[in-house]
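Computation of the quantities below employed the complete heavy-atom set of this structure, encompassing side-chain atoms and omitting hydrogens, waters and symmetry-equivalent molecules. Order of appearance sets the numbers: ligands from 1, and atoms from 1 within every ligand.
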Amino acid sequence: MSGTDHELKTVFVKTYGCQMNVYDSERMTDALATSGYAAVDSPESADLILLNTCHIREKAAEKVYSEIGRLRRIKEEAAESGRAVVIGIAGCVAQAEGEEIVRRAPVVDLVVGPQSYQRLPELVARAAHGRVVETEFAVAEKFAALDRPAASRPGRHAAFLTVQEGCDKFCAFCVVPYTRGAESSRPIASIAAEARRLAAEGVREVTLLGQNVNAFHGEGPDGDAWTLGRLLFHLAEIPGLDRLRYTTSHPRDMDDTLIAAHRDLDALMPYLHLPVQSGSDRVLAAMNRKHTRDDYLRIIDKVRDARAGMAIAGDFIVGFPGEEEADFEDTLRIVDEVGYASAFSFKYSPRPGTPAAGRDQVPEPVMAERLARLQERIAAAQAAFNASRVGMTAEVLFERPGRHAGQIVGRSPWLSPVQVSADAALIGSIARVALTDVGSNSLFGRVVGKAGADRPVVEATA
Ligand code: 5AD
Ligand code: SF4
């Protein structure tokens, strides 16, 4: 790269995949700001282009290579006008494929795994002089770097906060234990400090992130390992943080303190994303989920007993190796039994290095047909859930203007979008909304008052 370190340089980051990548991308931009990089929103005007990638399914990983093809042209055009552009691949594809990326795409200058972003300024400087591949698992170092205050992002009312990374569960389909490494938790003091900074910035809602967030076991100020439930009780004390959420959880880690948090904390939203993946015991065993269909249903009952009106969200995989029609029908049945508020569903995608990748695969047309049937069932469950909210009054955090003039959009306690006609001055605040109607994905309502500690987050309208 030409020029000195003091010259203003620009970075463009494109994010794929999960919310953890969204959080990481912000922190990458912050780390690079310290060495003079300003963020821009198009790759054409950037000196450094970073792709923060996802490896969870084949399609996600392949997108990266087609994007690299586009970036190659941008880099070549810049070179013709005498400007050097550095291309970096970050995230889970970087971790999983490492050197292989530069073999397949020599235009890439830098490969950096998710645990090494704190070293980006130094790695980028080195990449200007020759290829750099960095895929160490330095999670403690990464967490320590998160103690540096993030850049403030005005106008933001809901934010993510990473509390845990990695996974020790080794589900037979999943690359996460390989790309993000072993389960590791941030210390409580570090998380609480970041939460307080966010609240001071005007953020009203924080979503705690982790690949296996309810396996959280961060070190508390007392030296003990705290559970996620205990962390939530602690964060609920922070003035201004009105809403807490967490994602994503494993059924085996839904412990009693977490369920008590749902029972006792008004600030903890009545929403739980608890993937089950399949409704068949045979498939769950083959997936190495270490729980049965009945275990899962009993956990859902417990959570619903603790907090009425909970929205349950899920993830499903169809066509896992060995899945028969009868197994798939068990999955359809569990959708009805749980009454999901929303769910993501995917065709099984064999991931290199995972146990299930070498097993006999279900044919593609069978997977496609099952996915369509499952999605129809999920859409019906979601519509029923939304319809059941009409007539209630619920608190809504307004986040942005709507598509039509005079409209603003926020999130219900159950995470569904809520649209109302109201003054844009309400954006950033929480108001009580009488829910009057339901659209395909969102709810409609009218503002009936301010949120107050004396009223519950959700009420049946009299
Ligand atoms: N194929 C398809 N879906 C997968 N998921 C994870 N690994 C795979 C795979 N190999 C899904 C799971 C998980 C979500 C994040 O992605 O449903 O919960
Ligand atoms: Fe992957 Fe989640 Fe299973 Fe961990 S618990 S291996 S992240 S699906």
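- Note that Arg389 lies in the cation-pi zone of Phe385, set by a 6.0 Å cut-off to the ring centre and a 45° limit from the axis.
- Taking both residues in full, the closest heavy atoms of Tyr271 and Ser342 are given as OH-OG, 4.4 Å, listed atom of the first, atom of the second, then distance.
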For this session: Check the pair Leu123, Arg126 against side-chain contact (heavy atoms from CB on, under 4.5 Å), reporting the backbone distance first and the verdict last.
Result: CA-CA 5 Å; Leu123 297 173; Arg126 269 175 42 208; 3.7 Å; yes

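- The protein atom (non-hydrogen) at minimum distance from atom 16 (O) of ligand 1 is Arg57 NH1, 2.9 Å.
- When only non-hydrogen protein atoms are considered, atom 14 (C) of ligand 1 lies nearest to Asp315 OD2, 3.4 Å.
- When hydrogens are left out, the protein atom nearest atom 17 (O) of ligand 1 is Gln277 OE1, 2.6 Å; that is the closest non-hydrogen contact.
- Residue Phe346 places no N or O, backbone or side chain, under 3.5 Å from any N or O of ligand 1.
- Classified by interplanar angle (parallel below 30°, tilted 30° to 60°, perpendicular above 60°), the ring pair His262/Tyr246 is tilted.
- Residue Arg351 has no nitrogen or oxygen atom sitting less than 3.5 Å from a nitrogen or oxygen atom of ligand 1, judged on distance alone.
- Shown are the protein N/O/S atoms under 2.8 Å from atom 1 (Fe) of ligand 2, given by residue and atom: Cys174 SG.
- At the shortest separation from atom 1 (N) of ligand 1 among protein heavy atoms lies Ser349 N, 3.0 Å.
- Counting only distance, with no hydrogens or angles, the side chain of Glu99 and the backbone of Glu97 share no donor-acceptor pair below 3.5 Å.
- With a 6.0 Å cutoff to the six-membered ring centre and a 45° limit on the axis angle, Arg104 counts as a cation-pi contact of Tyr65.
- In this structure Tyr16 satisfies the side chain to side chain donor-acceptor pair (under 3.5 Å) test with no other residue, sequence neighbours excluded.
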